> 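So that we are looking at the same thing, I have put the structure below in structure tokens.
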Amino acid sequence: MADKPASKPDHFIQQIIRKDLQAGRADNIVTRFPPEPNGYLHIGHAKSICLNFGMAEEFGGDCHLRFDDTNPEKESEEYVNAIKEDVSWLGFQWAGNVRYTSDYFEQLHAWAVHLIEAGKAYVCELSAEQAREHRGTLTEPGKNSPYRERSVEENLDLFARMRAGEFADGACVLRAKIDMAAPNINLRDPIIYRIRKARHHQTGDTWCIYPSYDFAHGQSDAIEGISHSICTLEFEDHRPLYDWFIENLPVPAKPRQYEFARLNLNYTVTSKRKLKQLVDEAYVDGWNDPRMPTISGLRRRGFTASAIRQFCDMIGVTRSDSVVDMGMLEYAIRDDLDKNAPRAMCVLRPLKVVLTNYPQEQVEEMRAPGHPNREEFTERVLPFTRELYIDVEDFREEANKKYKRLVIGKRVRLRNAYVIEADEAIKNELGEIVEVRARVIENTVGNDPEDGIKPKGVIHWVSAVHNLDCEVRLYDRLFEHEAPDAGGRNFLEHINPNSLEILSNCKAEISLAAASSEQRFQFEREGYFCLDSKHASPTRWVFNRTIGLRDSWAKMDQG
RNA sequence: UGGGGCGUAGCCAAGCGGUAAGGCAGCGGGUUUUGAUCCCGUCAUGCGUAGGUUCGAAUCCUACCGCCCCAGCCA
């Protein structure tokens, strides 16, 4: 009774929607995720996707996917396709067809004409530079454009000729006639149409004038019957303009805009411009490089959609600027993979162990569970032979009692197999350990040693004759600085030169030969890994480390 | 120095006049054939600061301080 599981409290958007429903201000909740197809989606977009689709789902409404494609020069079909794939992969389904702001260009144009006819818009021939001078500053009001008082007829004619392609890019624009002295700069006669003689990925050469974001967004929301238009905080200043258009146009609905704080994650950048730069200048291997905070990068890295959704749920939705610790994202993926990833053993840095008392030709088939507490996972078979590999890190000639691995004269458990005891380290001429001689303690598979001397710890291993050669890629954060783009510094200066380490001589248990693309595993005692979708082939195994296991030993060993 | 926002623990975040939820990280302990997982415990006499109103203030009022956004024919 007293400790009934507390349900998560509503965030402010949920509170608004609940009130709107109760007050009858809305009966059908419709949201939209409105990306511009000018780059790939990243973890910050995941927050918006989860919010928009989540609200529709929670309140029995719909969420649309609408490409905000009003700037053909920066957009492309490649991005459209990648975005659709990422949204689907995250587990969301948009209502109806994919929509495009460009679907509404004809209607938007008609509304622009409507504003002209109402004396609320005019064609302005000020150059970009002159327009800037007329705009005023943050503290000084702007000056009216000399073209502001043109007749309706002249404006109609000019706008028609803009559409007809009679003017060069930049020769003139259509502006809303609002107030050049408004303290909110967005209201100082904002541009609503500009000339762009560029081929559009959806409409081809149909148009040479394109509506601005401010003119297109709210009206598109109205056309689609969006009830709650959710965007990020930097658009808050645009809300008066959003409302102005809705009030001054014969739109079929009156959507409302609400703003929330965008996601910031430490040790990374979430800016499409910067991510594009990393790709274009080859700091990474494409938008889906496993170090990228893009949805496709995280996917290739081994993240699951449900971990990303859980993360978005953990961080909440508020209006305060915040920087979420990367540790939260790491927690979300470890939590998912711990419960759901099958276990396997893989030796990353092999060191040969010869079991001197084990018969040369003998092969025993050890059995290992696919998961420590999920019996439905299929059991693995691990061939055990006289020669094995263990990890270099798991052997020391001598060590203090805190080191719970193999030490000369001490015992250790080989996971799912025998307890062994080390006798001798064989070194090369450089003094490097190249082999360890050890002995199997009899009758210790599933049992403690009969002499009562228990092993210090458990280490993983793989047969030196029955194993899978593979490559493992270890990733570290892409940036060394927790706020790479802070302080006016160039974020590229903070790139971590050691963000990728390729281990090419790894030895995995043979069951891993059947791994499929992006399939995820826990390599016991190491971390979570997945088969790389780009570099792996039927004859080549490349595993990406998604994230290591929590490692309290690493901390102890330092200090 | 105009306008719009935001300040609750190292981080995220509840709180909506009745005496500071929860999560991440950390720390201590228990279980463990993964130094993982799991379990238990611990972690704000304090809510940007200073006043005020009130029996009672993180919540209301006033002033101040700090941070973010806006002067694209980008979104």
Side-chain angles (χ1 to χ4, degrees), chain A residues 6 8-11 15 34-36 38 68-71 73-75 124 126-128 131-133 135-142 169-175 182-188 190-196 210 212-214 216-217 231-240 259 261 266 272-273 311 313-332 334-335 338-339 343 345 368 372-373 402-405 412-417 419 444-446 448 455 457-460 522-527 548-557:
Chain A
K8 203 176 165 75
D10 279 357
H11 58 240
Q15 293 179 11
E36 183 190 14
N38 66 344
D68 212 344
D69 55 348
T70 56
N71 186 1
E73 291 173 338
K74 289 187 177 172
E75 302 161 5
C124 179
L126 250 25
S127 67
R132 192 184 321 128
E133 286 162 2
R135 194 155 33 232
T137 68
L138 294 177
T139 53
E140 299 162 317
D169 283 17
C172 52
V173 295
L174 183 68
R175 302 174 70 179
N184 180 342
I185 289 175
N186 294 120
L187 263 16
R188 319 241 262 229
I191 286 166
I192 60 182
Y193 262 94
R194 69 291 208 209
I195 300 169
R196 276 288 138 76
Y210 292 93
S212 63
Y213 164 84
D214 286 307
H217 204 93
C231 61
T232 44
L233 250 23
E234 67 269 27
F235 291 99
E236 185 154 24
D237 288 344
H238 295 241
R239 179 153 30 98
E259 312 83 20
N266 60 13
K272 267 197 262 184
R273 201 212 96 222
F311 168 72
D313 194 54
M314 285 169 70
I315 59 177
V317 178
T318 71
R319 290 175 58 85
S320 43
D321 291 311
S322 59
V323 181
V324 174
D325 195 302
M326 188 61 91
M328 288 238 218
L329 220 207
E330 296 178 347
Y331 172 83
R334 283 196 186 106
D335 189 49
D338 173 60
K339 293 182 175 72
R343 309 289 129 118
M345 291 197 286
N373 36 42
K402 287 197 168 176
Y403 185 81
K404 303 198 294 182
R405 310 180 188 186
V412 79
R413 158 78 63 187
L414 294 177
R415 184 136 169 94
N416 301 120
V419 171
T444 51
V445 177
D448 280 336
V458 182
I459 63 174
H460 59 288
Q522 184 198 96
F523 290 175
E524 291 186 291
R525 298 209 319 127
E526 291 288 356
L549 256 26
R550 274 186 72 221
D551 189 359
S552 52
W553 162 249
K555 276 180 281 186
M556 289 173 61
D557 200 31

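Naming: A, B, ... by sequence-line order, numbering from 1 per chain. On a predicted model such as this, the values are computed, not experimentally measured, just so you know.
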> With a 4.5 Å cut-off on side-chain heavy atoms, are A:Asp313 and A:Lys8 touching?
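They are in side-chain contact.
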> Base of B:G72 relative to its sugar, syn (within 90° of 0) or anti?
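Syn, which is what one calls it when the glycosidic angle falls within 90° of 0.
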> Between B:C24 and B:A14, how far apart are the two C1' atoms, rounded to whole Å?
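Pairwise C1' distance, B:C24 against B:A14, rounds to 15 Å.
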> Mind checking A:Val323 for me? I need base, sugar-phosphate or nothing, with any heavy atom below 4.0 Å counting as a touch.
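Touches sugar-phosphate only.
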> Measure from CG on A:Leu187 to P on B:G2 and round the result to the nearest Å.
18 Å
> Calculate the interatomic distance between A:Met328 atom CE and B:A9 atom P; express it in whole Å.
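A:Met328 atom CE is separated from B:A9 atom P by 13 Å.
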> Do A:Arg239 and A:Glu259 make a side-chain contact, defined as non-hydrogen atoms from C-beta onward lying under 4.5 Å apart?
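Side chain of A:Arg239 against side chain of A:Glu259, heavy atoms only: contact under 4.5 Å found.
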> Taking protein heavy atoms under 4.0 Å as touching, what does nucleotides 65-75 of chain B look like 5' to 3' if B marks base contact, S marks sugar-phosphate-only contact and - marks none?
---SBBBSBSB
> Could you give the CZ-to-P distance, from A:Arg319 to B:G5, as a whole number of Å?
7 Å
> For B:G7, which nucleotide in any strand shown is its Watson-Crick or wobble partner with both distances under 3.5 Å?
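Looking at the geometry, B:G7 pairs with B:C65.
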> Would you indicate whether the side-chain heavy atoms of A:Asn266 and A:Met328 approach each other to under 4.5 Å?
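A:Met328 vs A:Asn266: side chains apart.
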> Taking CE from A:Met326 and P from B:G26, how many angstroms apart are they, rounded to a whole number?
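Distance, rounded to whole Å: 16 Å.
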> When rounded to the nearest 0.5 angstrom, what distance separates CE in A:Met556 from CG in A:Asp551?
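It is 10.5 Å, given to the nearest 0.5 Å.
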> Say you pick atom C1' in B:G51 and the same atom in B:A13; how far apart are they, in whole Å?
29 Å
> Counting only N and O atoms by type, is there a donor-acceptor contact under 3.5 Å from the side chain of A:Arg132 to the main-chain atoms of A:Ser127?
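Pair absent, no side-chain N/O of A:Arg132 close to backbone of A:Ser127.
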> Grab the CD-P distance between A:Glu140 and B:G3 for me, whole Å please.
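Nearest whole value for this atom pair: 14 Å.
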> Write down the distance separating the P atoms in B:G7 and B:C12, rounded off to the nearest Å.
11 Å
> Salt-bridged, A:Lys339 to A:Asp335, with N to O below 4.0 Å?
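A:Asp335 and A:Lys339: salt-bridged.
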> Roughly how many Å apart are B:G15 and B:G22, using the C1' atom of each and rounding to a whole number?
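Taking atom C1' in both B:G22 and B:G15, they lie 12 Å apart.
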> Going by heavy atoms in the side chains, are A:Arg343 and A:Arg415 under 4.5 Å from each other?
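The answer is no; the side chains never approach within 4.5 Å.
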> Can you check the distance between B:C38 and B:U32, where both ends of the measurement are the C1' atom (answer in whole Å)?
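Each nucleotide's C1' atom is 9 Å from the other's.
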> Work out how far the P atom of B:A20 is from that of B:U53, and round it to whole angstrom.
23 Å
> Between A:Gln15 and B:A14, is there a contact of a side-chain N or O with OP1 or OP2 at under 4.0 Å?
no
> Indicate yes or no for a side-chain donor-acceptor contact from A:Arg525 to the backbone of A:Met345 under 3.5 Å, with no hydrogens or angles considered.
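Pair absent, no side-chain N/O of A:Arg525 close to backbone of A:Met345.
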> Within this structure, what is the CG-to-P distance between A:Asp325 and B:A9, rounded to whole angstrom?
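Taking atom P of B:A9 as the reference, CG of A:Asp325 is at 15 Å.
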> Look at the side-chain N and O atoms of A:Thr318 and state whether any lies under 4.0 Å from the OP1 or OP2 oxygen of B:A13.
yes
> On a whole-Å scale, what distance lies between the C1' atoms belonging to B:C6 and B:A58?
15 Å
> Quick one: look up who B:G35 pairs with, Watson-Crick or G-U, both distances under 3.5 Å, and put none if it's unpaired.
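Checking every strand shown, B:G35 finds no partner, since no pair has both distances under 3.5 Å.
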> Could you give the distance separating B:A71 and B:G10 at their C1' atoms, to the nearest angstrom?
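That atom pair is separated by 37 Å.
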> Inspect the contact between A:Glu36 and A:Lys272 and indicate whether a charged nitrogen and a carboxylate oxygen are less than 4.0 angstrom apart.
no
> Given that both distances must come in under 3.5 Å, which nucleotide forms a Watson-Crick or G-U wobble pair with B:A21?
none
> Could you walk me through whether A:Ser322 and A:Ser320 satisfy the side-chain hydrogen bond (donor to acceptor under 3.5 Å, both in side chains) test, starting with their C-alpha distance in whole Å, then the side-chain angles of each, then the deciding distance to 0.1 Å, before giving a yes or no?
CA-CA 6 Å; A:Ser322 59; A:Ser320 43; 5.9 Å; no
> When the ring planes of A:Phe235 and A:Tyr213 are compared, do they come out parallel, tilted or perpendicular, using 30° and 60° as the limits?
tilted
> Tell me which nucleotide, if any, is Watson-Crick or G-U wobble paired with B:U42 when both distances must be under 3.5 Å.
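Result: B:G26.
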> Determine, for nucleotides 31-38 of chain B in 5'-to-3' order, which nucleotides have protein heavy atoms under 4.0 Å from the base (write B), from only the sugar-phosphate (write S), or from neither (write -).
--BBBSS-
> Give the rounded distance in Å between these two atoms: CZ of A:Arg239 and C1' of B:G3.
13 Å
> Does any nucleotide pair with B:G2 by Watson-Crick or G-U wobble geometry, both distances under 3.5 Å, and what is it?
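Matched B:G2 with B:C70 under the 3.5 Å cut-off.
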> When all nucleic acid strands are considered with a 4.0 Å heavy-atom cut-off, which category describes A:Met314: base, sugar-phosphate, or nothing?
sugar-phosphate
